Each structure stands twice: as structure tokens, then as C-alpha cells.
Number of protein chains: 2
Amino acid sequence: MRSKLFYRMDPPKVLVFGFGAIILLGTLLLSLPASTVDGKGLPILDALFTATSATCVTGLVVVDTGDTFTRFGEMVILSMIQVGGLGFMSFATLLAFILGKRISFKERLIIQESLNNETVEGIVRLVKRIFLFTAVIEITGGIILTLRFSQDMAAGKAIYFGFFHAVSNFNNAGFDLMGGFKGLTAYAEDPIVNITMITLISLGGIGFIVMNELFDYRKTRRLSLHSKIVLALSAILVFGGALLIFILEFNNPSTLKPMTLTGKIFGAFYQAVTPRTAGSNTLNIPDLKQSTLFLIIFLMFIGASPGSTGGGIKTTTFAVLIGAVKSQIRGREDVTFFGRRMDHTIISKSLTVTLISLFLIGLVTMVLTITEPGKEFLMIFFETVSAFSTVGLSMGLTPELSLYGKILITITMFAGRVGPLTLAYAIAKKRKEDHYRYPAGKVMIG
Amino acid sequence: MRSKLFYRMDPPKVLVFGFGAIILLGTLLLSLPASTVDGKGLPILDALFTATSATCVTGLVVVDTGDTFTRFGEMVILSMIQVGGLGFMSFATLLAFILGKRISFKERLIIQESLNNETVEGIVRLVKRIFLFTAVIEITGGIILTLRFSQDMAAGKAIYFGFFHAVSNFNNAGFDLMGGFKGLTAYAEDPIVNITMITLISLGGIGFIVMNELFDYRKTRRLSLHSKIVLALSAILVFGGALLIFILEFNNPSTLKPMTLTGKIFGAFYQAVTPRTAGSNTLNIPDLKQSTLFLIIFLMFIGASPGSTGGGIKTTTFAVLIGAVKSQIRGREDVTFFGRRMDHTIISKSLTVTLISLFLIGLVTMVLTITEPGKEFLMIFFETVSAFSTVGLSMGLTPELSLYGKILITITMFAGRVGPLTLAYAIAKKRKEDHYRYPAGKVMIG
Ligand SMILES: [K+]
Ligand SMILES: [K+]
């Protein structure tokens, strides 16, 4: 029964049409007069852009969210974020699960290993657990942020702000209500906001499978290979990225220089975490140095982990590529992590995901250099990677985009969200069984 | 005997120390008062930069070659270009040959297929043939250019200019004597200069193995897989690149717009050919549109073909990656070209060369954004790729580089020249024999 249901659905179609329908509904709602404070409703293209950005949990904004929308409009955005984020996380996790069931015993191990999901009720329980985790994390985050914001604003607004930003950040959506395109810069040195946000983003970004394993860790005392790689690489990217940003921005008078040491450390960490791929920011992005911006582009390109709310080529993909290069240079035939061998089909998958992403980013960047004449290349490149990896950070290009630029970035956000998953599905579906020499370790790619 | 000789040398060391020694000698000579028209000799860092650029046949220049150097200085540069270009081409070809002999029967097929080099005199004959080809091509090119230049200048100068530019372009060195950093812009629409230069660059860039096979084609009536891939991809890059440049620059008043249709076509073709990786230019590079510049960065990154005078990740590397992605998407297990299967070790090699190149370019770009504050990102990125792929095109950053920038670009040029070969050697040397399922086709990578 279970298998029949899933065999009949074509998952990528469900994904594309499901997300498409939500975006169209959101576009309609945001263009209603009730959605904007000026009572005119958002122009249709801006509404489409915003709905796509929210549903794809990107966070690029052509208009400032806090300044432009009524409570109703903001709730439409928040709903799209929640549906998009939850839908995507469930879908990405389920897809791995479905692929595991229908493709091969070996890929199935990924899920078995981490979810122990052998019974008939597997899928239902899986989705239930995703919803439960999301609810617990968002409510906890929301309460903490509410307490913090209540020091600066009325209780009602503090609750609203607390929960909006908790949902937005756990889903790596990058939307904020602070106004004036300022992001969270007012809280750049605030320990509670920093710690809460960084935790929400990180949990959303490591993916449900890893969260689930961490949750069960006290019971099981073990982590799957997938989780080990995700946690190791995420730690390297966050601590390495924070260290570099700290050094690069230390003397920048527009960012870290005027801050206390603690503030500097928070600022560096937040900006190292947000490319995984939250998109909220506590430092003003255009004020960062070119070197920092380039580093952030690199971090955004890698993005989050599979089965998460985040985008990008994914930490595991990057880890496999690094592993492949290392083993090549050392003359080893096999790519190994934590004592397990990566099959070369995994390496090929990583390669494919990475090269197609690079190609699409290159193509969109090039077209934007044509449609946005006079704009700095770095600004365009940054915007493209941000859209493709569904990050939402911007050097300020988004509100200034031309008509064609807006359409192109809308498509890029959508492609960046559903594309890699669809691609992963297409690759996995058609793959033949290989002749294995000995048991291989597995991670998900894309 | 032959094998003993080659087994005792460590080829990458020969390459690094050989090129290093030539660069140091060149630096010394260029810093002599006799080398510069102002009688002061070139400052030591500029001399090191120029000597590295010439020996690595890059063509980036901190001072204009024609304006700064005496005939003696120019001859020093030309000698370095010839020794560097010939040395590199011989070395790259020999390396493939040596690797073929010492590593595996299968890799050896690359050379056997194309050179039929089975006898004891193989290596000597191989080098002789490289020298012969070089001499014939450079003399033919030199004579044609001399005849053309003699219309604009005195006979003696025309001969000198004719041969200098023939040698510089066949070796993909990118140095010119025209003065004022103008490059060959004065001949942008000239059919003889365009056709001659494009032919010289293309022959130098397809590599000796392909040249040799083309030469023997009337006799053998067959091309190796390697040559087929090189020729197919080179054609795609040149015609595709030219078409895009033609479209992108068609209305640019600083480049193609004022030209005749024939001139426009020549301009587009020349600028599509020169990233493979000659570095001479007939359009003023900083005048090109951002989109064209980004396209040229992409073309420069791919670069020339293995065993040639050019740099970059190489056409075959790029072809293998494209093939890998295509077969993944189509669900095929094997990557095939012209009816031959690529072994997955070739794919891993391509991946390694590409990722390490991307990483180094990213790193150098990032450091340059720190050492060259206030310079446009695209300018820095362009310069880095140009140096790494030993192209020599520049948006004008080279003469304005800071002290650290000059040192970094010098190192990048050297690393870009000897690095990929050394890497290819390291990868190939340590590789173990695999268990083959059926015969696989081969191409060289790196
Ligand atoms: K985001
Ligand atoms: K060159």
C-alpha cells in the first residue's frame, strides 16, 4: 500500500506544482489592498517576487517587509515561509526516504541508519516528527525572542516580532520586520538575539535527519556517517568563517571596529552562520569588505545540509568533493570519511550537483550583467548566488533590479529551491545498480 | 637505458627548478641598464614579474614591453618566451609520455595512439618533432606578419616585429611591442594579422599531440580520441565564444560598433580565441562589457589543450566534466565520447584539477581584494584567472598592482604554469591499477 502510493506520485512534479500553487496564491494575496499599508496592494511583479522569496524561504526583498506590509500581508508572508520551509524539509527528507525504498538497499541505509524507520507507519511517523520538532523549536525560540523584544516594545508587538523572527530564522527564510532594509543590525551586539537566532538557523540548516539523531543520541549513543559529516563540516564552516570574518572586518569602521570584543565575536559568528542559508543579517552587508563579501559568496554556495530548510549545494556535497580531491592527491583510490568508503556514484552526484549549480549561477550572473548595466559585478554575483542558494542576503541590488532582473531572480530563487532536489531525484531514479567490491558508506547529495 | 634516465629524474622537480632558474636569469638580465630605454634597468620586483610572465608565457605586464625595453631587453623576453613555451610544451608532452611508460599500459595508449612511439629513439624523435613543428610554424607566421608589417614600418623593424609577434603568439605568450599597453588594437580589423595570429594561437593551443596527428592525418586517416575531443571542444569554444562576443559587443561604441561587419567578425573571433590562452588582444579589454568580460573569464579558466603552450584547466578536463554531468542526468553509468568509455579515474582527475584550480583562484582573488583595496572585484577576478591560466589579458590592474599584489600575481603565474602539471604527475604517479571491466578510452587531464 505505502509503496503503491509513492510509486504513483512523481515527486518532482508534486514539488514543482505544489510550490508553484502556493506562490500563485501568495502573489494574489499580497497584491490585495489589505496587504500593504498604502492600501494599494503590491504591484503584481513585486508580489510574485515576494511570494516566491517567501515560499522558497529565500528572503530577498524588493520592498522592505516591515515598512510595506500590513499585519495581514506579513501573516501571508509568514504562512508562506512556514508552509514552504516545512514542506521543503518534509519533502527533502521524504524524498531521501522514498528514494531509499525504491532504488536500492544501500541508499535506504541512509534513512534506516538515522531514523530506524522500518515499520509500515514509517512515513507518517516521520512527518509527525518533523512537525513536532518544528513546533517545539519555533515556540521555544519565539518565547525567548519575545522576552528579549519586550524590553524594546509593547508586549503585543514583542510577541508578534518574537514569533515572526523565530519562524523566519528556523526556516532559514531571512525575512524580518525591522524596517528600512536594516535587518537585525540594531541587535548586532545583543547576546540573547545572537545566540537564539544562531541556534535557530543552525538547527534549521543541519537538516531533520541530523536533528533527529541528535535528539535520540542519549538513547542510541551513535551518529550515522551522514550526521558526522554534516556536523563536522558545519562546525568547520562556522568557526573557520567566523574567524576569517573577525580578522577581515576587525578594522572596518562601518562594521566591527566600533563594537566591543563580545560584539565583534557575535558579529563575526552571525555573519558566518547566516550564509547556511538564513539570510538575516546583523551587520550591514554593503558595508562589508570585498574580501568578506567574496567569502560569504563561497559560504552561501555551499549552503546548508540535505533535508533541511536551507539551500545551496549542501555541506555533504562539498565534503565529498574535498574528500575526492584529497584522496586523489594522496594517490588513494577510495574516498573515505570516518572509516567508510564513498562509492564513486556519490562522487559523481556531488560533481553533477556542483557543476550544474556553478553553470546556472554563471549563466544568471552573465544575463544580469546585461539586464543591469552599470551595476557592480560583485553585487550581481552576490545577488545571484544568494538567490540560487535561497540565502536572501543582498548588497542592495534587489530593490533596484530592472523588470527583467526581477523576473530572472524570481526564476533563480524557484530553480534554486526545487531544482537541486528534482535533479537529485532524476539522478537517483535512473541509476542502475553497480557491482560493489565491498560495503560502502553513504551520504545524501544535493 | 632510456627508462633508467627518466626513472631517476623527478619530473616535477626538473620543471620547477628549470623554470625557476630561467626566471632568475631573466630577472637579472632585465634589471641590467642595457635592458631598458631609460638606461636604469627594471626595478628588481618588476623584472621578476616580467621574467615570470615571459617564462610562464603569460603576458601580464607591469610596464609596456614596447615602450620600456631596449632591443636587448626585448630579446631577453623573447628568449624566455621561446624557452618557456618550447620547454613547457616538450615537458608536458614528455610527461604524458613518461607517465605512459611508467604507469600503465592503458595510459600509454594515449601516446601510442597518437605518436606511434614504440621504438627506443621515441623520446628523441618526439622532441625533435616538437622543435621542427615550432620552427616551421613560427617561421611561416613570422614571414607572413613581416610582409604585413612592412606596409606600416621600415623593413628591419617589420622583420623584427613579424617574428617577435609570431613567436609570442604561437607560444601563447601574449607579449607585444606595439606600445602604450595598446596590444594589437591597431590591427583589429586587419584580415592578415587576424588570420595569422588566430592560426598561430590555435596551433599553439591545441597541443603537440593533436598537431602531430593532424600533420600525419593524410597518411593515417585517423585521429585519436584525445584529438577528437580537443578539436571538437576547441571548435565549440571558439565558434560559441565568438558568436556570444559578437552579440554582446555589437552595439558597444568602444569596441565593435564602429567597425565594418568583417571587422566585427574578426574582433569577435580574436577575442574568443585569445583566452585559449594567448593573451594578446585586438579589442581594448577594459572597454568590453561586463558580460563579455565574464564570458572571457570562463573561457580563460578552461584555457588550452594538454601538451600545448597554453594554460588553464584544459579543454579535455572540461569535456570530461561535461560528459560526467550529462551521463549522470541521463542515468547512464558510463561517460562516453565518440564511442569510448572514460574510466572513472579520469573523471576524478578532472574533478581534482578543476576544484584545486577553483580553490586557488578563489584564494588569490580573496587575498587580492585585501591587498588591492578600492579596486573593482571583476578587475581582480579577471586578473587572477588570467594569471593562473597564463593568459595575460588584463582589465588594467597589472601596472597598478601593489607590492604584495605583484608578488602574489608572480606566484600565481608560476603556480598556474607548473602547478597543474606537477599535480597531474603526482596524481598519476601514485595511482594504483584498477580492475577494469572492459577497455576504456583515454584522454589526458590537466
Ligand atoms: K534564506
Ligand atoms: K599567455
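We name chains A, B, ... by the order of the sequence lines, and we start the count at 1 in each one. Because the structure is a prediction, the values reported are computed rather than measured.
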Report summary line: Correct closest heavy-atom pair for Lys375(B) and Gln290(A) would be O-OE1, 3.2 Å
Query raised in the report: So which heavy atom on Ala324(A) is nearest to which on Leu351(B), and how close?
Result: CB-CD2, 3.9 Å
So what's closer than 4.5 Å to chain B heavy atoms on [X]: side chain, backbone, both or neither?
{"X": "Leu368(A)", "answer": "neither"}
{"X": "Leu321(A)", "answer": "both"}
{"X": "Leu358(A)", "answer": "side chain"}
{"X": "Ile380(A)", "answer": "side chain"}
{"X": "Leu355(A)", "answer": "side chain"}

Query raised in the report: Going through the checks in order, is the side chain to side chain contact (heavy atoms under 4.5 Å, CB included) test met by Ile297(B) and Met366(A)?
Result: CA-CA 11 Å; Ile297(B) 289 175; Met366(A) 204 180 137; over 6 Å; no
Query raised in the report: chain A heavy atoms under 4.5 Å from Phe381(B): which part of the residue, side chain, backbone, both or neither?
Result: side chain
**Report entry** Mutual orientation of the aromatic rings belonging to Phe377(A) and Phe294(B) [parallel < 30°, tilted 30-60°, perpendicular > 60°]
**Finding:** tilted
Query raised in the report: If you count heavy-atom pairs under 4.5 Å with chain A, which of Leu248(B), Ile347(B), Val367(B), Thr369(B) comes out on top?
Result: Thr369(B)
**Report entry** Value rounded to 0.5 Å, distance of CD in Glu376(B) from CG in Leu378(A)
**Finding:** 9.5 Å
Query raised in the report: Can you tell which of Val353(A), Thr352(A), Thr354(A) makes a side chain to side chain contact (heavy atoms under 4.5 Å, CB included) with Val325(B)?
Result: Thr352(A)
